[in-house]
Chemist: 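Just dropping this structure here.
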Amino acid sequence: MIRKSLYIGLGAGFVLLAGCSGEDPNPEETLEDYLSSWENGDYAGMENLLTEASASAIAGEELSFSDKYEELYEELGVTELDVSFTGRDFEEEEVDLGELEEITYPVQVGMETVIGSFDYDTDVTLLKEEGEEGEEWRIGWEAGHLFMGMQAFSDSVEVTTEAPDTRGQIFAGNGESLAVNGTYMSIGFVFQDIEDLDAEAEELSDIIGLDEERILELVAGYEENPEWHAPVMNVPNDHAFIDEVLEAQIPGVLVREYNGREYGYGSLAAHLTGHLAIATADFLEKNDWPGYHGNSYYGRRGLENAYEETLRGEVGSQINIVDGEGNQRDVLQRTEAENGEDLFLTIDMELQEKLHDAMGDERGAGVVMDPVSGEVFAMVSKPDYNPGELYLRTTSIEEEQTLNRYNFRFSPGSVFKPLTAAIGLEEGTLDPEEQFTITGEQWQPEGSDWGNHQITRVNDDVDIVDLEAGMKYSDNIYFAMQALEIGEEKMEAWAERFGFGGNYPFKYPIYVSNLSNEGLGNSALLADTGYGQGEVQMNPVHLASLYTMFVNEGSIVQPVLFQDEGPAYFSESVISEETASTVLDSMVAVVEDPNGTAYRSNPGHSRSLAGKTGTAEIKDSQDDVDGDRIGWYASVDVEERDLLVVMMVEGAGSGEVVDKVNEFWASLE
């Protein structure tokens with residue numbers, strides 16, 4: 001929309017008019033009206049101010065004055081228009097307005113269009129003519145007012161665009177091709193080779209699973225061009241159908257190679273790369289990049305979507321002035337198309353595959369990162385899909401398969417407890433050696449107004465609980481008590497320091513972790529928050545990053561996904577080295593102490609780990625026994641400090657997740 005603002009030089013226009021004679025018309029009043037109408041899209045108002053000669057010259061044209069402006073500015077996609085001039089001090093210049101018959105003002109024009117910004121100068125000449133109420137100033141219109149370089153009313157602006165030749169590609173840490181400009185295979189018919197279409201369509205249907213009638217519909221339009229390839233199904237290069245079709249040797253069927261996007265690792269990196277999709281009418285309506293058209297592809301999910309502007313490149317354009325005969329009069333501007341830029345990730349495809357295999361067929365997410373450098377080596381979400389098949393529309397998939405779980409946030413359960421411990425230690429409300437006598441399975445503070453709400457713990461055989469016992473037994477009551485000691489304000493302040501509620505610096509779009517919906521004013525909610533229930537929601541990548549402070553002397557490492565990012569801290573020395581060491585020791589007990597929730601007598605690997613388990617209960621009420629579970633396990637090698645692993649599985653307890661993560665650690669040996 002054109003801005004409704006008028007710039008009159010340095011303000012002189014308004015100030016100086018007051019000093020002019022009231023008897024003689026001032027040209028600047030007419031010029032102001034003309035430019036104001038121009039900026040506001042009132043082209044009829046502009047036309048009403050033209051001289052008789054200008055109006056007569058335009059009257060014989062095919063387009064009206066208003067239509068000419070509207071058509072050109074719509075084609076250029078003008079969104080902002082600024083027009084200005086510098087007023088004159090006629091009194092100081094000793095100019096007699098009564099004797100002045102003609103005056104010319106340099107006018108500055110600036111406009112924003114779909115193909116860039118344009119700034120140009122044009123002269124506006126005003127002539128004095130006899131009007132109904134005496135002499136008045138009128139505008140001598142020229143084509144150069146309309147747009148730079150135009151010389152006649154019949155001139156027009158021709159905009160041509162050139163799309164980039166190459167979309168940027170995506171590569172993993174060792175140069176593996178995740179999403180590249182390669183080829184795909186198209187299975188179809190060539191009519192000149194068909195012997196019996198119905199029989200051959202039936203045979204092909206048995207192989208690719210597409211209904212015979214649908215096959216016949218797809219190829220029907222190609223019968224008039226019997227030498228053309230009539231595509232039936234497009235598939236990635238490694239698809240099983242290719243060999244099956246070739247082995248069948250169906251007379252009229254041809255498997256042909258075409259250029260296209262290639263997703264070499266298929267489902268292993270599906271949610272990471274995302275995929276391309278054909279531009280729909282709705283997409284084109286919402287996205288005005290000049291390179292998009294009905295046959296364009298754009299990034300639909302993952303990095304293909306998040307870095308669409310980087311990957312697609314820049315459209316080249318040329319702006320020509322064309323005369324009324326269609327001949328090019330002038331080239332005003334030309335910009336060359338720029339190919340898309342490549343993305344180079346820190347992802348280690350060997351670790352990506354091992355994490356993918358360890359998760360099996362569960363619904364969940366996993367993240368592997370270097371706890372010192374912050375490099376993210378693996379991100380897996382299950383269930384998954386083949387991005388090449390979705391791009392080529394080889395088959396349809398369930399929406400559940402495209403849901404990216406390491407992008408979302410979930411209730412963390414007890415994996416939140418190390419954060420509560422760190423906050424309590426920093427605030428001095430938690431003494432790691434202090435022992436609490438806790439009896440029974442459920443608890444609420446004496447004199448509380450909680451009603452029937454109780455904190456429930458899993459292991460009620462332990463009566464004496466300190467920090468280590470609270471961590472290794474994952475005692476909810478102990479951490480609820482600690483949260484109440486910390487208090488609402490300090491808990492919320494620390495959560496903000498840890499990146500809750502804000503944009504966490506990760507160059508892959510993730511949902512922000514939240515501590516609560518509307519604050520922790522309710523003491524029961526505060527207590528539940530202490531052990532990761534209540535309204536806490538965390539993103540798996542964010543959780544992994546927070547755990548780095550326990551092996552980095554209290555500094556939180558910023559997660560890194562691209563190779564050109566340098567190592568950096570999200571928050572340096574956010575907790576003391578002593579606090580980090582104390583919490584880490586309690587997490588070592590979780591894994592190594594026979595009573596720890598992550599202890600396994602034979603974990604299948606020789607790593608020295610610190611970790612924390614968690615099982616979040618998702619219930620409508622405390623009495624609900626059928627609520628969903630979310631199992632978590634976060635672990636880090638405390639000796640090598642080379643890898644940190646977070647895994648979340650929906651519908652599972654933390655014990656199952658521990659076994660899956662141990663399977664991942666074992667696969668490294």
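As the structure is a computational prediction, the values presented were derived from the model and not from experiment.
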Chemist: What residues, two or more places apart in sequence or in another chain, satisfy side-chain contact (heavy atoms from CB on, under 4.5 Å) together with A568?
Modeler: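 Residues passing side-chain contact (heavy atoms from CB on, under 4.5 Å) with A568: Q558.
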Chemist: What residues, two or more places apart in sequence or in another chain, satisfy side-chain hydrogen bond (donor to acceptor under 3.5 Å, both in side chains) together with E398?
Modeler: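 Applying side-chain hydrogen bond (donor to acceptor under 3.5 Å, both in side chains) to E398 gives none.
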Chemist: If you compare all heavy atoms of F500 against all heavy atoms of N514, which two are closest, and at what distance to 0.1 Å?
Modeler: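 In terms of heavy atoms, the two residues are closest at CD2-C, 3.7 Å.
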Chemist: Which atom names give the shortest non-hydrogen contact between H275 and Y263, and what distance separates them?
Modeler: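 That closest heavy-atom pairing would be CA-OH, 3.2 Å.
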Chemist: With salt bridge (Lys or Arg N to Asp or Glu O under 4.0 Å) as the criterion, how do R329 and E158 come out once you've worked through the C-alpha distance, each side chain's angles and the decisive distance to 0.1 Å?
Modeler: CA-CA 11 Å; R329 186 192 296 281; E158 177 186 68; over 6 Å; no
Chemist: Not counting sequence neighbours, which residues clear side-chain hydrogen bond (donor to acceptor under 3.5 Å, both in side chains) with S317? List them please.
Modeler: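 In terms of side-chain hydrogen bond (donor to acceptor under 3.5 Å, both in side chains), with neighbours along the sequence ignored, S317 is linked to T335.
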Chemist: Between N40 and D42, is there a donor-acceptor pair closer than 3.5 Å when you use the side chain of the first and the backbone of the second?
Modeler: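 Judged by distance alone, no pair lies under 3.5 Å.
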Chemist: Taking CD in E213 as the centre, count heavy atoms belonging to other residues, nucleotides or ligands within less than 6.0 Å. Is the count above 12?
Modeler: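 No.
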Chemist: Is the side chain of N174 donor-acceptor paired with the backbone N or O of M349 at a distance under 3.5 Å, no angle test?
Modeler: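 Not confirmed, N174 side chain does not pair with M349 backbone.
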Chemist: For N48, which residues count as a side-chain contact (heavy atoms from CB on, under 4.5 Å) partner, sequence neighbours excluded?
Modeler: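 Testing N48 for side-chain contact (heavy atoms from CB on, under 4.5 Å), a comparison that skips the adjacent residues, returns none.
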Chemist: Are any of the side-chain heavy atoms of L311 and E304 separated by less than 4.5 Å?
Modeler: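 Yes. Closest side-chain heavy atoms under 4.5 Å.
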Chemist: Are there more than 12 heavy atoms of other residues, nucleotides or ligands under 6.0 Å from atom CD of E101?
Modeler: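 Yes, the 6.0 Å shell around CD holds more than 12 heavy atoms from other groups.
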Chemist: Quick one, L218 with M233, criterion side chain to side chain contact (heavy atoms under 4.5 Å, CB included). Give me CA distance, side-chain angles, the key distance, then yes/no.
Modeler: CA-CA 9 Å; L218 290 170; M233 178 180 287; over 6 Å; no
Chemist: Can a donor-acceptor pair be found, under 3.5 Å and without considering hydrogens, that links the side chain of S267 to the backbone of A270?
Modeler: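 The answer is no, because no donor-acceptor pair under 3.5 Å joins these two groups.
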Chemist: Work out which heavy atom in R301 is nearest to a heavy atom in L390; give both atom names and the distance.
Modeler: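 Smallest heavy-atom distance, with atoms named: NH1-CD2, 4.0 Å.
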Chemist: Students often mix this up, so state it plainly: with edges at 30° and 60°, are the rings of W289 and Y292 parallel, tilted or perpendicular?
Modeler: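 Rings of W289 and Y292: perpendicular, over 60°.
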Chemist: If you count every heavy atom of other residues, nucleotides or ligands that lies below 6.0 Å from N503 atom CG, does the total exceed 12?
Modeler: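 No.
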Chemist: Atom CD of residue position E496 - does it have more than 12 heavy atoms of other residues, nucleotides or ligands inside 6.0 Å?
Modeler: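 It does not: E496 CD has 12 such atoms or fewer within range.
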Chemist: Fit a plane to each ring of W38 and Y69, take the angle between them on a 0 to 90° scale, and name the class: parallel (under 30°), tilted (30 to 60°) or perpendicular (over 60°).
Modeler: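 Ring orientation, 0 to 90° scale: perpendicular.
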Chemist: Looking at Q169 and N181, would you say the former's side chain and the latter's main chain have a donor-acceptor pair under 3.5 Å?
Modeler: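 Yes, the answer is positive, given that a donor and an acceptor are paired below the 3.5 Å cut-off.
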Chemist: What salt bridge (Lys or Arg N to Asp or Glu O under 4.0 Å) pairs are there with at least one residue in residues 50-75, not counting sequence neighbours?
Modeler: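 Residue pairs with at least one partner in residues 50-75: there are none.
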Chemist: Which atoms form the tightest heavy-atom contact between V512 and R409, and what is the distance?
Modeler: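 The answer is O-NH1, 2.5 Å.
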Chemist: Measure the shortest side-chain to side-chain distance between D193 and L254 over non-hydrogen atoms and say whether it is less than 4.5 angstrom.
Modeler: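 The answer is no, as the side chains (C-beta and beyond) never meet within the 4.5 Å cut-off.
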Chemist: Assess whether side chain to side chain contact (heavy atoms under 4.5 Å, CB included) is satisfied between I187 and N234, documenting all intermediate values.
Modeler: CA-CA 6 Å; I187 302 168; N234 298 327; over 6 Å; no
Chemist: Are there more than 12 heavy atoms of other residues, nucleotides or ligands under 6.0 Å from atom CD of Q192?
Modeler: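 Yes.
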Chemist: Go through the steps for E308 and R167 under the test salt bridge (Lys or Arg N to Asp or Glu O under 4.0 Å), then give the verdict.
Modeler: CA-CA 9 Å; E308 170 68 11; R167 184 177 179 87; 2.8 Å; yes
Chemist: Between E102 (side chain) and L127 (backbone), is there a donor-acceptor pair under 3.5 Å?
Modeler: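 Side chain of E102 to backbone of L127: no pair is present.
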Chemist: Hey, are E162 and R334 close enough for a salt bridge, meaning a charged N less than 4.0 Å from a carboxylate O?
Modeler: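 Judged by the 4.0 Å cut-off on N to carboxylate O distance, E162 and R334 do form a salt bridge.
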Chemist: Taking all non-hydrogen atoms of both residues into account, name the closest pair between Q401 and Y385 and its distance.
Modeler: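 Distance-wise, the nearest heavy atoms are O-CD2, 3.4 Å.
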Chemist: Return yes if a side-chain donor-acceptor contact under 3.5 Å exists between N320 and Q318, otherwise no.
Modeler: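 Side-chain D/A pair, N320 to Q318: present.
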Chemist: Work out which heavy atom in H239 is nearest to a heavy atom in T394; give both atom names and the distance.
Modeler: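 Taking H239 first and T394 second, the nearest heavy atoms are NE2-CG2, 4.0 Å.
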Chemist: Tell me if a side-chain donor or acceptor on T346 pairs with a main-chain N or O of V560 at a distance below 3.5 Å.
Modeler: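 Yes; at least one donor-acceptor contact below 3.5 Å.
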Chemist: What side-chain donor-acceptor pairs closer than 3.5 Å can you find for residues 106-120, not counting sequence neighbours?
Modeler:
residue	atom	partner	partner atom	Å
E112	OE1	S117	OG	2.8
E112	OE2	S117	OG	2.7
T113	OG1	I115	N	3.1
T113	OG1	G116	N	3.3
T113	OG1	G116	O	2.8
Y120	OH	H145	O	3.0
Y120	OH	L146	O	3.3

Chemist: Between the main-chain N or O of E91 and the side-chain N or O of D89, is there a donor-acceptor pair closer than 3.5 Å?
Modeler: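 It does hold such a pair.
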Chemist: Among all residues two or more places apart in sequence or in another chain, which pass the side-chain contact (heavy atoms from CB on, under 4.5 Å) test with N327?
Modeler: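 Listed in chain order: D323, E325.
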Chemist: Is there a side-chain contact between L272 and Y406 in this structure, where contact means two heavy atoms from C-beta onward sitting under 4.5 Å apart?
Modeler: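 Sidechains of Y406 and L272: in contact.
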Chemist: Could you walk me through whether M46 and F65 pass the side chain to side chain contact (heavy atoms under 4.5 Å, CB included) check?
Modeler: CA-CA 9 Å; M46 294 174 66; F65 185 86; 3.8 Å; yes
Chemist: My understanding is that only residues two or more places apart in sequence, or in another chain, count here; which of them pass side-chain hydrogen bond (donor to acceptor under 3.5 Å, both in side chains) with Y105?
Modeler: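 Applying side-chain hydrogen bond (donor to acceptor under 3.5 Å, both in side chains) to Y105 gives E28.
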Chemist: With sequence neighbours left out, what residues match Y265 under ring-ring contact (aromatic ring centres under 6.0 Å, His included)?
Modeler: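 Checked Y265 against ring-ring contact (aromatic ring centres under 6.0 Å, His included); zero matches.
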Chemist: Which of parallel (below 30°), tilted (30 to 60°) and perpendicular (above 60°) describes F408 and Y511?
Modeler: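 Rings of F408 and Y511: tilted, as their planes differ by 30° to 60°.
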Chemist: Does CD in E223 sit with more than 12 non-hydrogen atoms of other residues, nucleotides or ligands closer than 6.0 Å?
Modeler: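 For E223, atom CD is not crowded (no more than 12 foreign heavy atoms under 6.0 Å).
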Chemist: Using ring centroids (six-membered ring only for Trp), state whether Y222 and F189 fall under 6.0 Å.
Modeler: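 Distance test on ring centres: not under 6.0 Å, no.
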Chemist: Pairs in or reaching into residues 122-131: which pass side chain to side chain donor-acceptor pair (under 3.5 Å), with residues at least two apart or in two chains?
Modeler: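 Every side chain to side chain donor-acceptor pair (under 3.5 Å) pair that includes a residue of residues 122-131, provided the two are not neighbours, is T104-T125.
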Chemist: Can you tell which of F344, F171, Y307 makes a ring pair (Phe, Tyr, Trp, His ring centres under 6.0 Å) with F562?
Modeler: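 Going through the options one by one, the only one that passes is Y307.
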Chemist: Closer than 3.5 angstrom, by distance alone: can the side chain of N339 be matched with the main-chain N or O of D165 as a donor-acceptor pair?
Modeler: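 Side chain of N339 to backbone of D165, a donor-acceptor pair under 3.5 Å: yes, one is there.
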Chemist: With sequence neighbours excluded, what pairs up with N539 under the side-chain contact (heavy atoms from CB on, under 4.5 Å) test?
Modeler: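 Result, side-chain contact (heavy atoms from CB on, under 4.5 Å) vs N539: I510, S513, V541, H542.
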Chemist: Quick one: does any side-chain atom of W141 pair with a main-chain N or O of A55 as donor and acceptor, under 3.5 Å?
Modeler: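 Such a contact is absent between W141 side chain and A55 backbone.
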Chemist: Tell me every residue that passes side-chain hydrogen bond (donor to acceptor under 3.5 Å, both in side chains) with Y508, counting only those two or more places apart in sequence or in another chain.
Modeler: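 Listed in chain order: N404.
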Chemist: Do side-chain atoms of T273 reach the backbone of A269 as a donor and acceptor pair under 3.5 angstrom?
Modeler: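 Yes: the side chain of T273 pairs with the backbone of A269.
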Chemist: Hey, mind stepping through S37 and Y43 against side chain to side chain contact (heavy atoms under 4.5 Å, CB included) and telling me if it holds?
Modeler: CA-CA 6 Å; S37 295; Y43 307 128; over 6 Å; no
Chemist: Looking only at side chains, do T183 and Y258 share a donor and an acceptor under 3.5 Å apart?
Modeler: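 The criterion, which ignores hydrogens and geometry beyond distance, is not satisfied for Y258 and T183.
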